[in-house]
*Asks:* 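Next up is a structure, given as structure tokens.
Chain letters run A, B, ... following the sequence lines, proteins first and then strands; every chain starts at 1. Since the structure is predicted, the reported quantities are computational estimates derived from the model, not experimental observations. Just the heavy atoms: all of them, side chains too, but no hydrogens, waters or symmetry mates, feed the values below.
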Protein chains: 2
Amino acid sequence: MQSMADFKPTNSEIAILRVLWQRGPSTVRDVHSALSHERDMGYTTVLKLMQIMAEKGLVVRDDRERAHVYAAAQAQAKAQDSLVSDLANKVFGGSAMKLAMHALNQQPCSPEELKEIRRMLDELEAKK
Amino acid sequence: MQSMADFKPTNSEIAILRVLWQRGPSTVRDVHSALSHERDMGYTTVLKLMQIMAEKGLVVRDDRERAHVYAAAQAQAKAQDSLVSDLANKVFGGSAMKLAMHALNQQPCSPEELKEIRRMLDELEAKK
DNA sequence: TAGAATCTACGAATCTTTTCGTAATTTGGC
DNA sequence: GCCAAATTACGAAAAGATTCGTAGATTCTA
């Protein structure tokens, strides 16, 4: 079991990971196109960032083709958990529950969403 | 009503805010002492950070005494909300509920905590 | 096959964050 | 009053994150 204490993507890196999670393995051009809708970044800027991410192990690179194909090294859910737990530690004294309560309180939920959460709580309780 | 879209403390700044929220208005020495248990930071490093935070408006400074007294400019709950919403936007497509579900799933909750959450959900539903 | 387009590599500039040393000032103890 | 201790101000170095230009290689197209 790896600790993953070193999974700390920067904001730009998160933006890139988001694209990779959504699109699956992608080239620099793919990512650049996807990001260009929201961000104003040069092509080589994205390239450089992705090269650095490969060095850091945030992404894996397949360079069999001329246009290298990058994929997120971590599953989205796992990465999300790391980031949630990081925030819990930084600003909620380590309590993920407090974090959850703030999240639920600050954004209106639809009745379906509320139901979904209750269902999840039931499961949690059952698993106990 | 201020938008607060610019409330983006860095990690060190969050560590300092945490102390100010916990202790209330504090001097640089207070904060440095509190942080020294977990971090290895020089006194003037903390001082400089807090001066910068005052410039940015993250803290307010009372300089009537020789040892200036700093206080967090935002209530803890408000700041927590900003950071939660920021994370939701960055990695959960803006959905605070998804964030909450990840938080609840990844850390075991006590029965009391589960009850507390259900109570909160009831309130949310009632308020609708 | 020549030229245009596309790609990677990489150095370097810039900007932000974090760090701390030094100087100057004030306070407190003796 | 004097000296040691504590404080602020501030410059600047170090480290980290972001940006992009240019060079060189490969591929595509006419």
*Asks:* Any base atoms under 4.0 Å from B:Ser12, or only sugar-phosphate, or nothing? Heavy atoms, all strands.
*Replies:*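 Sugar-phosphate, backbone atoms only, no base.
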
*Asks:* Should the pair A:Glu38-A:Arg18 be classified as a salt bridge under the 4.0 Å nitrogen-to-oxygen rule?
*Replies:*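 Looking at A:Arg18 together with A:Glu38, the answer is yes, because their closest N to O distance falls below 4.0 Å.
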
*Asks:* Using only atom types and a distance under 3.5 Å, with no angle test, would you say the side chain of A:His32 pairs donor to acceptor with the backbone of A:Met41?
*Replies:*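 Judged by distance alone, yes, a pair lies under 3.5 Å.
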
*Asks:* Give a yes-or-no answer on whether the side chains of B:His102 and A:Asp81 include a donor-acceptor pair shorter than 3.5 Å.
*Replies:*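 Checked: B:His102/A:Asp81 side chains pair up, N/O donor to acceptor below 3.5 Å.
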
*Asks:* Applying a 4.0 Å non-hydrogen cut-off, can you work out what A:Glu13 is touching in the nucleic acid: base, sugar-phosphate, or nothing?
*Replies:*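 Since no nucleic acid heavy atom lies under 4.0 Å of A:Glu13, the category is nothing.
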
*Asks:* Donor-acceptor pair, distance only, cut-off 3.5 Å: does the side chain of A:Thr45 make one with the backbone of A:Tyr43?
*Replies:*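 Side chain of A:Thr45 to backbone of A:Tyr43, a donor-acceptor pair under 3.5 Å: no, none is there.
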
*Asks:* Just by modelled atom types, is the B:Gln74 backbone N or O under 3.5 Å from a matching donor or acceptor in the B:Trp21 side chain?
*Replies:*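 Side chain of B:Trp21 to backbone of B:Gln74, a donor-acceptor pair under 3.5 Å: yes, one is there.
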
*Asks:* Counting N and O atoms only, with roles assigned by atom type, does the side chain of A:Ser110 sit under 3.5 Å from a partner on the main chain of A:Glu113, one being a donor and the other an acceptor?
*Replies:*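 Checked: pair present.
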
*Asks:* Suppose we screen for salt bridge (charged side-chain N to carboxylate O under 4.0 Å, His left out). Which residues come up paired with B:Asp62, at least two apart in sequence or across chains?
*Replies:*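 B:Arg64.
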
*Asks:* Is a salt bridge present between A:Lys56 and A:Glu13, judged by a nitrogen-to-oxygen distance below 4.0 Å?
*Replies:*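 Result for this pair is yes, salt bridge flagged.
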
*Asks:* Taking salt bridge (Lys or Arg N to Asp or Glu O under 4.0 Å) as the cut-off, I'd like each qualifying pair that reaches into residues 23-32 of chain A, sequence neighbours left out, listed once.
*Replies:*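 Pairs touching residues 23-32 of chain A that pass the test: A:Arg23-A:Asp30.
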
*Asks:* So does B:Lys98 pair up with A:Glu116, basic N to acidic O under 4.0 Å?
*Replies:*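 Between A:Glu116 and B:Lys98 there is no salt bridge, as every charged N stays at least 4.0 Å from the carboxylate O atoms.
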
*Asks:* Ignoring hydrogens and angles, tell me if any N or O in the side chain of B:Gln80 forms a donor-acceptor pair with the backbone of A:Val91 under 3.5 Å.
*Replies:*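 Yes: the side chain of B:Gln80 pairs with the backbone of A:Val91.
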
*Asks:* When you list every nucleotide of DNA chain D with an atom under 4.0 Å from a heavy atom of chain A, which one comes first 5' to 3', and which comes last?
*Replies:*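 Range of nucleotides within reach of chain A: D:dA17 to D:dT27.
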
*Asks:* Charged N to carboxylate O under 4.0 angstrom, B:Arg118 versus B:Asp122?
*Replies:*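 No, this pair does not count.
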
*Asks:* Which residues within residues 57-71 of chain B lie with some heavy atom under 4.0 Å of an atom in DNA chain D?
*Replies:*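 Contacts with DNA chain D under 4.0 Å: B:Arg61, B:Arg66, B:Ala67, B:His68.
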
*Asks:* Got a second to check how far B:Met53's CE is from B:Ser12's OG, nearest 0.5 Å?
*Replies:*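 Reported value, rounded in 0.5 Å steps: 9.5 Å.
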
*Asks:* Please identify the 5'-most and 3'-most nucleotides of DNA chain C with any atom under 4.0 angstrom from a heavy atom of chain A.
*Replies:*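 First and last nucleotides in contact are C:dT6 to C:dA12.
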
*Asks:* Under 4.0 Å, heavy atom to any atom of DNA chain D: which of residues 36-44 of chain A qualify?
*Replies:*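 Those residues are A:Met41, A:Gly42, A:Thr44.
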
